[in-house]
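One structure below.
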Amino acid sequence: MRQELDSIKQHYRQSSNPLLACSLIDAYGKCALLEDATRIFRECLIVDLVGFTSMITAYSQSGQGEEALKLYLEMLDRGIEPDPYVCSSLLNACANLSAYEQGKQVHVHVLKHGFMYDNFAGNSLVNMYAKCGSIDDAERAFSSIPERGIVSWSAMIGGLAQHGHGKEALRVFNQMLKYGVSPNQITLVSVLCACNHAGLVTEAQNYFRSMKELFGFERMQEHYACMIDLLGRAGRLDEAMELVNTMPFQADGSVWGALLGAARIHKNVEIGQRAAEMLLILEPEKSGTHVLLANIYASVGMWNNVAKMRRLMKDCNVKKEPGVSWIEVKDKIYTFIAGDRSHVQSEEIYAKLDELSERLSKAGYIPKVEFDLHNVERDEKEKLLYHHSEKLAVAFGLIATPAGAPIRVKKNLRVCMDCHTAFKFISKIVSREIILRDINRYHHFKDGSCSCGDYW
DNA sequence: ATAGGGTTAG
């Protein structure tokens, strides 16, 4: 692919056709060849709205949302007015970053320029607000879309699902059917996901069984993965295994991954080994498989096998992905890793954590040291837990945002059990809502409890 | 010429 693109680049160099430049930027971006895309963009003499949009989209789609937003400011500086395309791309960048404040600003531009007629802009708004942790704003944006299409409905249902509002998601789904809008396969993934996060097993099974006759399409891998995860969490591992065995096509990594997760919950070594074996063939580059299987072994006391997995990880050069958390304060995204002291306000952040620590223990919180797997003393474990990336981000949020303002944090992994407990206490002690987006759902901590109901 | 929704993994 790279060679084909480079040969097109030669044509471009000879012709200097700005239209070709945009397509090249787009193509390099879609192939994750960002440096090449940037070079074309900077070399191109005629840079207009579409050129900027191509580059902004390239950044956004390759996970460089901050670069996308920066480039947008440069575009505005040059006096170029936005269109619905660039707004849609920017909203997507904000969604990925969980950048609520900046997303709101793009929303203002959408309204100011009258782009709500454009479904892409409206749909992107729904998605952005849901991803930034504000399901209320997402619902308001959804209501303001003049003609809601299948993507609008799917985005709304998916958003509600990820926030744990399963029943509300199903209500919206039924409303959609009443309006005569036909769902597609993606809508049904969101519907099953909604059932999953709300523990609605029977409802999920009904949709899963009658998908073909009700809506006229076949099940996909993703539908199976969702059902297996759901059955696993509901304690029905045998049914989950049965589903994998009776699938009409070869199970892919998503299905085996769901089964491995279910096997861990139920400490089932046999099924865990089978799923891991398949995953190591299908997705050898991912680190989660080794870790999960090792945890299954550890949970049943098979320490020799735990050691074997550790060795295997070392031999295959597989590393655990480090935990990272982000928080947006006044148009800027701050990044934290565990034990981080690189932040300019580092001392204040750690002082805040110490202060919180004291108030938490008075409120009855006990650090869950069992979730720290380091081979150290209890004191040391407590300290390590206290310096998890999500706690640093929340502490910074408390310092850097006005009293009473909600704190929105994004984490690249699942929230740890200790942080989850601590945040429930903190939300009550400091009277703040904490909205945490982790790798697969949203947690709203308020008044001492979490919207996930401790089921996640 | 440029844009939107979903799933699994401590």
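Proteins come first, then strands; the chains are lettered A, B, ... in the order of their sequence lines, and each starts at number 1. What you see is a predicted model; the values in this text were computed from it and never measured.
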**Request:** Quickly work out the R441(A) CZ to dA9(B) P distance and round it to whole Å.
**Result:** 12 Å

**Request:** Tell me whether the OP1 or OP2 atom of dA9(B) has a side-chain N or O from R414(A) closer than 4.0 Å.
**Result:** yes

**Complete:** Sorted by chain and number, sequence neighbours left out, side-chain hydrogen bond (donor to acceptor under 3.5 Å, both in side chains) with H11(A) holds for none

**Message:** Tell me every residue that passes side-chain hydrogen bond (donor to acceptor under 3.5 Å, both in side chains) with E283(A), counting only those two or more places apart in sequence or in another chain.
**Reply:** none

**Request:** Tell me what L413(A) touches on the nucleic acid: a base, only sugar-phosphate, or nothing, going by heavy atoms under 4.0 Å.
**Result:** base

**Fill in**
I150(A) atom CD1 is separated from dG6(B) atom C1', nearest whole Å, by 12 Å

**Message:** Expressed as a whole number of angstroms, how long is the span from M278(A):CE to dT8(B):C1'?
**Reply:** 15 Å

**Prompt:** How is D48(A) classified with respect to the nucleic acid when contacts are heavy atoms under 4.0 Å: base, sugar-phosphate, or nothing?
**Reply:** base

**Message:** Pairing donors with acceptors under 3.5 angstrom, does anything connect the side chains of T187(A) and N184(A)?
**Reply:** yes

**Message:** Taking the minimum atom-to-atom distance to the side chain of S254(A), which one of dA9(B), dG6(B), dT7(B) wins?
**Reply:** dT7(B)

**Message:** A side-chain contact here means heavy atoms from C-beta on lying under 4.5 Å apart; do L76(A) and P82(A) qualify?
**Reply:** yes

**Message:** Under 4.0 Å, heavy atoms only, any strand: does G253(A) hit a base, just the sugar-phosphate, or nothing?
**Reply:** base

**Request:** Could you tell me how the ring of H165(A) sits relative to the ring of H163(A): parallel (under 30°), tilted (30 to 60°) or perpendicular (over 60°)?
**Result:** perpendicular

**Item:** I186(A) CD1 to dT7(B) P, straight-line distance once rounded to whole Å
**Value:** 10 Å

**Request:** Whole angstrom is fine here: how far is it from CZ in F52(A) over to P in dA3(B)?
**Result:** 17 Å

**Message:** Distance check needed: dG5(B) P versus I145(A) CD1, whole Å only.
**Reply:** 12 Å

**Item:** Between W153(A) and F173(A), ring centroids under 6.0 Å
**Value:** no

**Item:** Contacts of type side-chain hydrogen bond (donor to acceptor under 3.5 Å, both in side chains), residue D118(A), not counting sequence neighbours
**Value:** none

**Asked** When we call it a touch if two heavy atoms are under 4.0 Å apart, what does R233(A) touch: a base, just sugar-phosphate, or nothing?
**Response** sugar-phosphate

**Prompt:** Between residues 57-67 of chain A and DNA chain B, which residues have a heavy-atom gap below 4.0 Å?
**Reply:** T57(A), Q61(A)

**Asked** Does the base of dG6(B) carry an N or O that pairs as donor and acceptor with the side chain of S190(A) under 3.5 Å?
**Response** no

**Prompt:** Which ring-ring contact (aromatic ring centres under 6.0 Å, His included) pairs, counting each pair once, include a residue from residues 60-95 of chain A, with sequence neighbours left out?
**Reply:** Y72(A)-H109(A)

**Complete:** The correct set of residues in residues 7-30 of chain A placing a heavy atom under 4.0 Å from DNA chain B is C22(A), S23(A), D26(A), K30(A)

**Asked** Can you name the side-chain contact (heavy atoms from CB on, under 4.5 Å) partners of L19(A), sequence neighbours left out?
**Response** N17(A)

**Message:** Check for me whether the distance between the ring centres of Y28(A) and F41(A) falls short of 6.0 Å.
**Reply:** no

**Message:** For E328(A), give me all partners under side-chain hydrogen bond (donor to acceptor under 3.5 Å, both in side chains), at least two apart in sequence or on another chain.
**Reply:** Q102(A)

**Prompt:** Hey, is the side chain of N196(A) poking within less than 4.0 Å of OP1 or OP2 on dT7(B), counting only N and O atoms?
**Reply:** no

**Request:** Decide, yes or no, whether a salt bridge links K424(A) with D454(A) under the criterion of side-chain N to carboxylate O below 4.0 Å.
**Result:** yes

**Request:** State, with a plain yes or no, whether a side-chain heavy atom of E218(A) is found less than 4.5 Å away from one of H223(A).
**Result:** no

**Message:** Quick check on contacts: within residues 88-102 of chain A, what sits under 4.0 Å from DNA chain B by heavy-atom distance?
**Reply:** S88(A), S89(A), N92(A)

**Asked** Looking for any heavy atom pair under 4.0 Å, which part of the strands does L292(A) touch: base, sugar-phosphate only, or nothing?
**Response** sugar-phosphate

**Message:** Using a strict heavy-atom distance below 4.0 Å, which residues from residues 198-229 of chain A are in contact with DNA chain B?
**Reply:** M220(A), E222(A), D229(A)

**Request:** Kindly indicate whether the side chain of K411(A), heavy atoms from C-beta on, has any atom under 4.5 Å from the side chain of S389(A).
**Result:** yes

**Message:** I'd like to know if R42(A) and E74(A) make a salt bridge, using a cut-off of under 4.0 Å between side-chain N and carboxylate O.
**Reply:** yes

**Asked** Is the shortest side-chain N to carboxylate O distance from D229(A) to R233(A) below 4.0 Å?
**Response** yes

**Item:** Euclidean distance, atom CE of residue M75(A) to atom P of dT2(B) [Å, nearest integer]
**Value:** 16 Å

**Request:** Return the set of residues passing ring-ring contact (aromatic ring centres under 6.0 Å, His included) with Y117(A) (not counting sequence neighbours), or none when no residue passes.
**Result:** none

**Request:** Scan residues 160-185 of chain A against DNA chain B and write down, sorted by residue number, each residue with any heavy atom closer than 4.0 Å; if none is found, say none.
**Result:** Q162(A), N184(A)

**Item:** For atom CG of L280(A) and atom P of dT8(B), their distance in whole Å
**Value:** 20 Å

